[in-house]
Amino acid sequence: MQRLELRRADLRFPLPRDFAARVAGRRIQALSRRAKYLLVDFEEDLTLIAHLGMSGSFRIEADEGANLPGVFHHERSKDEKHDHVIFHLERPEGAVRIVYNDPRRFGFMDLMARSELDTYPAFRELGPEPVGNMLSADYLATRFAGRAQPLKSALLDQKVIAGLGNIYVCEALWRSHLSPTRKVATLVTKTGKPKPQLTLLASSIREVIADAIEAGGSSLRDHIQADGTLGYFQHFFRAYDREGRECLTDGCGGTVERIVQSGRSTFYCRACQK
DNA sequence: CAGCTCCCCTGATTGC
DNA sequence: TGCAATCAGGGGAGCT
């Protein structure tokens, strides 16, 4: 990490004090992810936390004169005015820039000591990841018992499950034949155990995420993968953005409708999602 | 505390 | 063609 070029001082929130100076000259040691946050570990126990919001993206470009295999060369575009943060990296093979672009500026970046990451406000109460075996029906039953919340808002709540967004919640509920307006407590038995439908929901959530990862992401029209090709999961939507169209559940014959919950669009079929 | 609504910002799309 | 209204993948502040 040679230097950091800040083209504006704020994204969604002001960037941390001395942001550029604190990361400049430090070697990058690891890249990882927690929920919807990207984590970049620098030397000396410093981690950059980055969130793309709804319109943020990173792209990698070779600096002038460098011709690096595997580095995607982008066309210059009108969107360049939304290039807000540019990381200049030196590598033995040549220099690259990593450019953060975000038209809506709903994304943000922050810095924290890696050793203190668990105390970062957004991480403190984060639920389990929807991949792997942490997301079980038993876990959901403990979170849902006695609660009046609609399923849709519970699944969007990052404290319940980390990293599910609007599209995947709609898709998981459709796959489970569960209504987004249903109260979460109705999926738990009197003794606090998951009903069979909750077991189905837990596996639907894991599957929809796995399918989306395999398809390379799902953003509505402009999502690109790291190698510059399009993410294709949007072609696999079964409920999301299908208002007025026929439900794809075998033998259902219903119509997908759009409702608004907590200010966000929900797409579902009231004929087969109960 | 739980569960809403509103709002941050810009661009794409739709309707007149 | 132009212009205004509507909507968007997230999440935090602040209300009831």
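Lettering follows sequence order; numbering is per chain, from 1. Bear in mind the structure is a predicted one, so any value in this text is a computation, not a measurement.
- Between A:Arg242 atom CZ and C:dA8 atom C1' there is a gap of 19 Å when expressed in whole angstrom units.
- Nearest to the side chain of A:Arg147, among C:dG11, B:dG3, C:dG12, sits B:dG3.
- Here the side chain of A:Pro150 is nearest to one of C:dG10, B:dT10, B:dC4, namely B:dC4.
- Taking atom CG of residue A:Leu52 and atom C1' of nucleotide B:dC8, one finds them 17 Å apart after rounding to whole Å.
- One finds a salt bridge joining A:Glu61 and A:Arg97 here, because a Lys/Arg side-chain nitrogen approaches an Asp/Glu carboxylate oxygen to under 4.0 Å.
- Listed here is the closest heavy atom pair of A:Arg182 and A:Lys274: NH1-O, 3.1 Å.
- The CZ atom of A:Arg12 sits 12 Å away from the P atom of C:dG10 (whole-angstrom rounding).
- Here B:dT10 presents its P atom at 13 Å from CE of A:Met54, a figure rounded to the nearest Å.
- Considering CG of A:Leu111 and CE of A:Met109, their distance stands at 10.0 Å, rounded to 0.5 Å.
- Counting to the nearest Å, the P atom of B:dC9 and the CZ atom of A:Arg104 are 11 Å from each other.
- Shown here is A:Asp118, whose CG atom has no more than 12 heavy atoms of other residues, nucleotides or ligands within 6.0 Å.
- Listed nucleotides B:dG3, B:dC9, C:dC7 differ in distance to A:Ser265; the shortest reach to its side chain belongs to C:dC7.
- In this model, the phosphate group of C:dG10 is not approached by any side-chain N or O of A:Gln158 to a distance below 4.0 Å at OP1 or OP2.
- The CG-P distance, from A:Leu38 to C:dG10, rounds to 14 Å in whole Å.
- Between A:Gln261 atom CD and B:dA2 atom P the separation is 19 Å, expressed in whole Å.
- The shortest distance between the side-chain N/O atoms of A:His51 and the OP1/OP2 oxygens of C:dG11 is below 4.0 Å.
- Note on A:Arg33 versus A:Glu129: salt bridge recorded, some NZ/NE/NH1/NH2 to OD/OE distance being below 4.0 Å.
- With B:dC4, C:dG10, C:dA8 as the candidates, the nucleotide lying closest to the side chain of A:Ser153 is B:dC4.
- Counting atom types as modelled, A:Arg105 pairs no side-chain N or O with a base atom of B:dC9 as donor and acceptor under 3.5 Å.
- Side chain of A:His82, nearest nucleotide from C:dA8, B:dG11, C:dG12: B:dG11.
- Spacing between atom CG of A:Asp157 and atom P of C:dG10 amounts to 13 Å, rounded to whole angstrom units.
- Among the nucleotides C:dG11, B:dT10, C:dG12, the one closest to any side-chain atom of A:Phe13 is C:dG12.
- Nucleic acid contact for A:Phe108: none, since no nucleic acid atom lies under 4.0 Å from a heavy atom of the residue.
- Under the Watson-Crick or G-U wobble criterion, with both distances below 3.5 Å, B:dC9 has no partner in any strand shown.
- For A:Phe106, the side-chain atoms get nearest to B:dC9 when compared with the rest of B:dC9, C:dA8, B:dG3.
- Within a 6.0 Å sphere centred on CZ of A:Arg8, other residues, nucleotides and ligands contribute more than 12 heavy atoms.
- Across B:dC4, C:dG12, B:dG11, the shortest atom-to-atom separation from the side chain of A:Lys81 is found for B:dG11.
- For A:Gln149, a side-chain nitrogen or oxygen approaches OP1 or OP2 of B:dG3 to under 4.0 Å.
- For A:Arg264, a side-chain nitrogen or oxygen approaches OP1 or OP2 of C:dG10 to under 4.0 Å.
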